[in-house]
Amino acid sequence: MKFFKRMQELDRRWIYIIIALAIVVPLMIPFDSDNLTTPSTENLYQMIDSFSGREDRAILMSFAHDASTMPELFPMEVAILRHCFERNIKVFTFSNSPLGAPIIDYAINTVKDEYPQIESGVHYCNFGYKPNMFAIVIGMGDNIATTMNVDAEGRKVETLPIMRGITNYTEMNLVVEFSGSVAGGTWIVYARPKFGLNVAVGVTAVMAADQYPYLQSGQLIGMLSGLKGAAEYEKLVDVFATNEQSFSSEKLSDPRIRDLIKITTQSVASFTQTEFTAFLNRYPQQKDLIEKYREEKDGIIQINWSQIPPQHTEQLGFFVMDELQRKANHIKYSFKTARVGMNAQSVAHIVMIVFIILGNLGYFVQKLSDKK
Amino acid sequence: MKKTIPMMIVMIGGLIWLFWAFSPHYIMQEDFLYKFYIPWSWAMIPPATILGIISLSMMHKAKIQRRAHKWQYSFFFFAGFITITLAGFLGGTQKGGLYMWMFENMQMPMSATMFALLAFYMASAAYKAFRARSPEATVLLLAAIIVMLAQVPIGTRISKYLPDISQWILDVPNLASKRGIMLGVGLGSIATSLKILLGIERSYLGGGD
């Protein structure tokens with residue numbers, strides 16, 4: 001009895017400390033876990049993936065949020081940009097809020113660091129901050145280049161190579177809006193009925209419930225909901241996009257995909273003899289250095305990239321190291337932040353449920369003793 | 001006269017947009033929208049921005065002059081506004097400049113910290129106030145536990161049925177209540193808009209009538 005009474009009067013500061021530990025410890029010690037994908041994430045992934053390699057298709061990412069909601073929304077933005085860069089999908093970005101403009105730059109820079117071949121104006125175009133949402137939404141239905149006029153770097157949009165084959169929503173047929181509050185409203189009300197634009201949203205978890213009516217009616221073709229949605233999208237990119245495969249629900253239920261989505265450090269790249277020969281032929285200048293780190297086990301050639309010292313990683317260059325890490329199924333930190341965060345969220349949710357149960361137990365025990 | 005002219009502007013403006021929404025005629029869809037409205041709305045943005053900056057600066061200046069409640073914080077407005085403006089204009093807004101550095105190292109962590117405080121308040125509220133005091137509160141509590149568990153990887157390990165139950169809660173009871181609220185809000189908005197267009201609702205003009 002005394003225990004429950006004391007628990008009822010527990011100082012808030014203890015709760016804060018426990019929650020802080022429940023979040024910080026899993027962030028510092030990552031472990032592998034699997035986030036089941038939901039249809040709303042899969043639908044969005046498939047729609048974006050269907051634009052792969054097409055000159056006459058593009059997506060628009062609308063950054064309608066500020067820095068406060070970045071922990072939830074930023075991993076989604078990075079995952080979608082990565083998907084587009086992996087699968088050669090044209091992507092446009094813009095923000096209706098001045099606070100969203102630096103987030104676009106930050107997101108593009110984060111992904112571009114790992115894709116040096118990607119060029120601004122060719123593979124992607126950032127329109128930057130553009131005020132007057134209604135005029136933008138309606139104007140792009142007629143002509144994107146004349147509505148946006150110049151991109152964030154001050155170049156005439158109509159002269160950019162990315163605009164080849166892109167005129168209006170007929171080609172740029174999907175918009176994904178990221179928001180910490182109501183998302184997709186203007187697009188659903190004006191662009192979807194008038195121009196047939198497909199609309200999807202990425203929202204914080206607390207706002208997701210508001211979007212379900214639009215999702216069920218088909219006005220939204222997909223939705224990423226909070227950090228979970230971001231983690232699901234990261235997973236789909238790792239399983240399909242980085243392996244140059246199309247989406248398949250059968251593959252998602254295959255237990256072997258667990259090797260592709262491990263978020264702990266994966267350091268051993270394994271090759272068959274033929275794969276290794278092809279790998280060496282791709283990088284003839286670094287052949288000797290690569291050979292230096294090869295090990296053979298049961299006919300399989302292995303290279304532990306984490307054991308290569310910094311001076312040699314520099315000599316091997318970005319592309320060799322990138323291929324080794326891909327072969328090892330190693331996921332770079334910026335591409336798994338949502339999943340690392342989901343681990344922390346797992347522990348935090350469990351702690352909160354324990355708090356709720358303990359609080360209620362204490363409440364009922366005290367109520368019982370008061371009656372007596 | 002003081003009220004009639006603004007009311008006429010609102011009524012005419014509202015009716016034009018009503019025609020635009022329901023009439024497919026090219027005068028409304030092409031001439032009005034693309035040749036008149038969009039160019040004019042673009043032209044209005046810079047003066048509106050300047051007006052906003054002047055208004056905000058005047059408000060903070062007055063606050064400092066009057067030594068109003070928490071007037072010291074107004075200095076932070078001027079410091080932040082001047083620093084970020086200069087950083088953007090002089091060094092550019094791209095990676096490598098002061099503007100982006102300030103965004104990455106100051107604005108981003110500070111804003112995210114404020115948002116993250118929510119988790120602590122939620123945990124505290126869950127412990128101190130989330131009680132099964134009535135049958136309705138018990139249903140809410142159970143639904144919250146199921147949805148919270150199903151959201152995270154650990155939950156799906158506890159039971160493979162949890163995600164389906166959680167999805168049902170979101171798709172059926174949540175959706176039904178949300179749709180009801182949205183329909184109510186929608187009907188309310190239409191009624192208020194019609195009252196404004198017909199001149200019945202005039203409280204937006206000020207003066208209390």
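Per chain, numbering begins at 1; letters A, B, ... match sequence-line order. Computation of the quantities below employed the complete heavy-atom set of this structure, encompassing side-chain atoms and omitting hydrogens, waters and symmetry-equivalent molecules.
Scanning both residues, A/Pro213 and B/Lys178, for their nearest heavy atoms gives CG-CB, 3.9 Å.
The neighbour count for B/Tyr73 OH, taken as heavy atoms of other residues, nucleotides or ligands under 6.0 Å away, does not exceed 12. The local environment of OH in A/Tyr363 is crowded, with over 12 non-hydrogen atoms from other residues, nucleotides or ligands closer than 6.0 Å. Few gaps surround CZ on B/Arg133; more than 12 heavy atoms of other groups in view lie less than 6.0 Å from it. Within 6.0 Å of OH on A/Tyr214 lie no more than 12 heavy atoms contributed by other residues, nucleotides or ligands. By the neighbour-count criterion of 12 heavy atoms within 6.0 Å, atom CH2 of A/Trp14 is sparsely surrounded, having that number or fewer from other residues, nucleotides or ligands. Within a 6.0 Å radius of OH in B/Tyr161, no more than 12 heavy atoms belonging to other residues, nucleotides or ligands are found.
Looking only at heavy-atom pairs under 4.5 Å with chain A, the residue among B/Gln167, B/Lys128, B/Gln107 that has the most is B/Lys128. The greatest number of non-hydrogen atom pairs below 4.5 Å with chain A, out of B/Tyr99, B/Trp42, B/Tyr37, is found for B/Trp42. Between chain A and the residues B/Thr113, B/Leu141, B/Asp171, the largest count of heavy-atom pairs under 4.5 Å involves B/Leu141.
Put simply, OG on A/Ser225 and CG on B/Leu170 are 8.0 Å apart, with the number rounded to the nearest 0.5 Å. Separation of atoms CZ (B/Arg179) and OH (A/Tyr212) is listed at 13.0 Å; rounding is to 0.5 Å.
Between B/Phe115 and A/Met70, every side-chain heavy-atom pair lies at or beyond the 4.5 Å cut-off.
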- request: Start with the C-alpha gap between B/Met114 and A/Ser68, add the side-chain angles, then the distance that decides, and say whether side chain to side chain contact (heavy atoms under 4.5 Å, CB included) holds.
  value: CA-CA 7 Å; B/Met114 291 304 290; A/Ser68 65; 5.9 Å; no
Checklist entry - Given the rule in the side chain to side chain contact (heavy atoms under 4.5 Å, CB included) test, do A/Asp113 and B/Lys95 qualify, once you have shown the distances and angles that lead to the verdict? => result CA-CA 12 Å; A/Asp113 280 348; B/Lys95 194 181 177 183; 3.6 Å; yes
With side chain to side chain contact (heavy atoms under 4.5 Å, CB included) as the test, would you mind laying out the steps for B/Leu117 and A/Tyr16 before giving the verdict? CA-CA 10 Å; B/Leu117 290 178; A/Tyr16 296 159; over 6 Å; no
- Could you give me the CA-CA distance, side-chain angles and deciding distance for B/Met122 and A/Ile19, then say whether side chain to side chain contact (heavy atoms under 4.5 Å, CB included) is met? CA-CA 10 Å; B/Met122 271 168 70; A/Ile19 282 290; over 6 Å; no
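Heavy atoms closer than 4.5 Å to chain B are found in both the backbone and the side chain of A/Ala20. Residue contact with chain A, scored on non-hydrogen atoms closer than 4.5 Å, is absent for B/Ile181. B/Tyr34 touches chain A through its side chain: at least one heavy atom from C-beta onward sits under 4.5 Å away, while N, CA, C and O do not. Interface residue B/Phe120: backbone and side-chain heavy atoms are both found under 4.5 Å from chain A. Within the 4.5 angstrom heavy-atom criterion, atoms from both the backbone and the side chain of A/Ile103 approach chain B. With a threshold of 4.5 angstrom between heavy atoms, A/Glu72 approaches chain B through side-chain atoms but not through N, CA, C or O. With a threshold of 4.5 angstrom between heavy atoms, A/Asp66 does not approach chain B through any atom at all. Neither the backbone nor the side chain of A/Gln211 comes within less than 4.5 Å of any heavy atom of chain B. Interface remark: B/Met182 contributes side-chain atoms only to the contact with chain A (heavy atom separation under 4.5 Å). Only the side chain of A/Lys194 comes within less than 4.5 Å of a heavy atom in chain B; its backbone stays farther off. Both the backbone and the side chain of A/Ile356 come within contact range of chain B, judged by heavy atoms closer than 4.5 Å. Looking at A/Pro102, the atoms closer than 4.5 Å to chain B (heavy atoms on both sides) sit in the backbone and in the side chain alike. Using a 4.5 Å cut-off between heavy atoms, A/Leu10 touches chain B through backbone and side chain atoms alike. For chain B, the nearby parts of A/Asn132 are the backbone and the side chain; heavy atoms of each come within less than 4.5 Å.
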May I have the list of side-chain donor-acceptor pairs in residues 45-64 of chain B shorter than 3.5 Å, sequence neighbours left out?
{"unit_1": "B/Thr49", "atom_1": "OG1", "unit_2": "B/Ile45", "atom_2": "O", "d": "2.9"}
{"unit_1": "B/Ser57", "atom_1": "OG", "unit_2": "B/Ile53", "atom_2": "O", "d": "2.8"}
{"unit_1": "B/His60", "atom_1": "ND1", "unit_2": "B/Ser74", "atom_2": "OG", "d": "2.9"}

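For the ring-ring contact (aromatic ring centres under 6.0 Å, His included) test, residues two or more places apart in sequence or in another chain that qualify with A/Phe74 are A/Tyr106.
Proximity to chain A among residues 9-30 of chain B is limited to B/Trp17, B/Trp20, B/Gln29, judged by heavy-atom separations below 4.5 angstrom. When the heavy atoms of residues 144-157 of chain B are compared with those of chain A, the residues falling under 4.5 Å are B/Ile145, B/Met148, B/Leu149, B/Ala150, B/Gln151, B/Val152, B/Pro153, B/Ile154, B/Thr156, listed by number.
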